[in-house]
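Okay, so here's the structure we're looking at.
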There are 2 protein chains.
Amino acid sequence: MAKRDRARDGMPRLEQQLCFAIYQVGHAFNRAYRPILAALGLTYPQYLVMLVLWEQDGLTVKELGERLMLDSGTLTPLLKRLEGSALIRRERDARDERQVRIHLAEKGEGLREQGRCVQEAVGEALGGTAGDAGRLRDQLGLVRDALLASSRDG
Amino acid sequence: MAKRDRARDGMPRLEQQLCFAIYQVGHAFNRAYRPILAALGLTYPQYLVMLVLWEQDGLTVKELGERLMLDSGTLTPLLKRLEGSALIRRERDARDERQVRIHLAEKGEGLREQGRCVQEAVGEALGGTAGDAGRLRDQLGLVRDALLASSRDG
DNA sequence: GTTATTTAGATTGTGTGCAATTAGATTGTC
DNA sequence: GACAATCTAATTGCACACAATCTAAATAAC
């Protein structure tokens with residue numbers, strides 16, 4: 001960390017911290033997505049679940065959780081809300097009754113087309129700003145992996 | 001967006017989206033900070049509030065909210081918890097009684113030293129991975145500003 | 001085949017986050 | 001001074017997010 005990143009007393013400056021930059025841009029993304037997704041009756045985490053299901057149907061709750069980094073305490077109520085909106089069905093696996101498999105319902109399948117437009121809208125909001133979005137995304141992936149590794153190892 | 005970023009059906013792949021990368025790395029940061037901050041009895045947003053106050057004491061709720069991108073619905077209960085832990089005091093401004101000014105309490109002042117170590121610990125967790133953290137941070141700032149601008153303009 | 005362990009989800013409790021509303025104070029205008 | 005418009009916090013309601021715990025089912029060990 002460079003010298004200018006700290007106040008005279010050695011306390012790191014809020015504006016200079018990577019974690020805070022990520023905290024803020026996460027909020028900004030949420031705000032950008034909110035009005036767009038509200039038109040589909042989805043929140044951002046719900047939209048992520050739908051994105052996964054549009055890619056691959058019939059996943060278990062655990063598999064969904066692994067892709068999204070969410071546990072059952074978050075997913076169970078979220079999935080129940082999506083089921084309440086008739087976008088998905090929750091069905092217990094016949095072979096292993098511990099597992100619950102999530103399937104797209106007709107209405108959820110029908111939302112796929114509208115989902116396609118969401119990215120266009122957010123892409124517009126980004127404009128050309130994130131010029132090399134791919135590179136940025138890859139760097140963030142490295143940061144994520146380093147943090148997760150150290151969380152696991154203690 | 002490059003061609004490889006989309007499935008055959010034109011649906012953008014989850015793993016390829018910048019917003020998802022940020023969503024995930026935000027989670028990862030939270031997990032990395034949680035055990036470290038738990039030792040101080042703080043959550044990550046509470047730590048952010050303390051960081052701001054260590055930099056400048058006596059801010060109003062509105063000013064805190066502007067720096068952290070949080071509104072009173074989030075800050076009011078959070079600040080009440082910090083007051084409950086005797087880290088801060090909430091005092092209504094004598095000149096403008098609509099405002100509530102937040103001051104460090106003795107215990108909150110005393111936490112400053114321990115707060116200094118938090119960044120070191122997270123820095124270690126990052127390792128050398130975020131080689132050019134400054135550059136990454138600046139790019140994220142641009143993304144944030146673009147999103148906020150488009151949110152404002154509609 | 002019975003018991004112990006592991007696994008998958010659900011539940012509970014605490015803490016953000018934000019939209020919408022409300023309450024109280026201040027400012028501007030007459 | 002009266003009163004409307006504006007401003008600041010607080011409140012309420014809903015939706016994540018996660019730790020800790022619980023239940024039921026599957027698997028391993030014997």
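Order of the sequence lines fixes the chain letters, A, B, ..., with proteins taken first and strands second; residue numbering starts at 1 for each chain. Below, all heavy atoms of this structure are taken into account, side chains as well, without hydrogens, waters or symmetry copies.
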Among D:dA9, C:dG15, C:dC18, the nucleotide that comes nearest once only the side chain of A:Arg31 is considered: C:dC18
B:Gln46 side-chain proximity, nearest of D:dA9, D:dA15, C:dT16: C:dT16
Base versus backbone protein contacts along nucleotides 20-29 of chain C [heavy-atom cut-off under 4.0 Å; B, S, -]: ----BBS---
Side chain proximity check, B:Asp93 to B:Val100, heavy atoms < 4.5 angstrom: no
Side-chain heavy-atom pair B:His103, B:Ile88 within 4.5 angstrom cut-off: no
Residue pair B:Ala133 / A:Leu18: nearest heavy atoms and the distance that separates them: O-CD1, 4.3 Å
Below 4.0 Å: OP1/OP2 of [N] and any side-chain N or O of [X]:
| X | N | result |
| --- | --- | --- |
| B:Thr60 | D:dA9 | yes |
| A:Thr43 | D:dA15 | no |
| A:Tyr23 | C:dG17 | yes |

A:Glu83 bridged to A:Lys80 by N-O distance under 4.0 Å: no
Short N-O contact, A:Glu66 and A:Lys62, less than 4.0 angstrom: yes
Rounded interatomic separation in angstrom, taking [atom1] from [X] and [atom2] from [N]:
| X | N | atom1 | atom2 | result |
| --- | --- | --- | --- | --- |
| A:Leu64 | D:dA17 | CG | P | 14 Å |
| A:Arg81 | D:dA17 | CZ | P | 10 Å |
| B:His27 | C:dG17 | NE2 | C1' | 12 Å |
| A:Met69 | D:dC16 | CE | C1' | 15 Å |
| B:Leu87 | C:dG15 | CG | P | 13 Å |
| A:Leu75 | C:dA8 | CG | C1' | 12 Å |
| B:Lys80 | D:dT12 | NZ | C1' | 12 Å |
| A:Leu48 | D:dC16 | CG | C1' | 12 Å |

Check: B:Gly73 main-chain N/O paired with B:Thr76 side-chain donor or acceptor under 3.5 Å: no
With a non-hydrogen cut-off below 4.0 angstrom, is [X] in contact with a base, only sugar-phosphate, or nothing?
| X | value |
| --- | --- |
| B:Arg34 | sugar-phosphate |
| A:Arg90 | sugar-phosphate |
| B:Leu78 | sugar-phosphate |

Contact nearer the 5' end of DNA chain D, comparing B:Thr74 with B:Asn30: B:Thr74
Validation row, ring centre A:Tyr23 to ring centre B:Tyr44 under 6.0 Å: yes
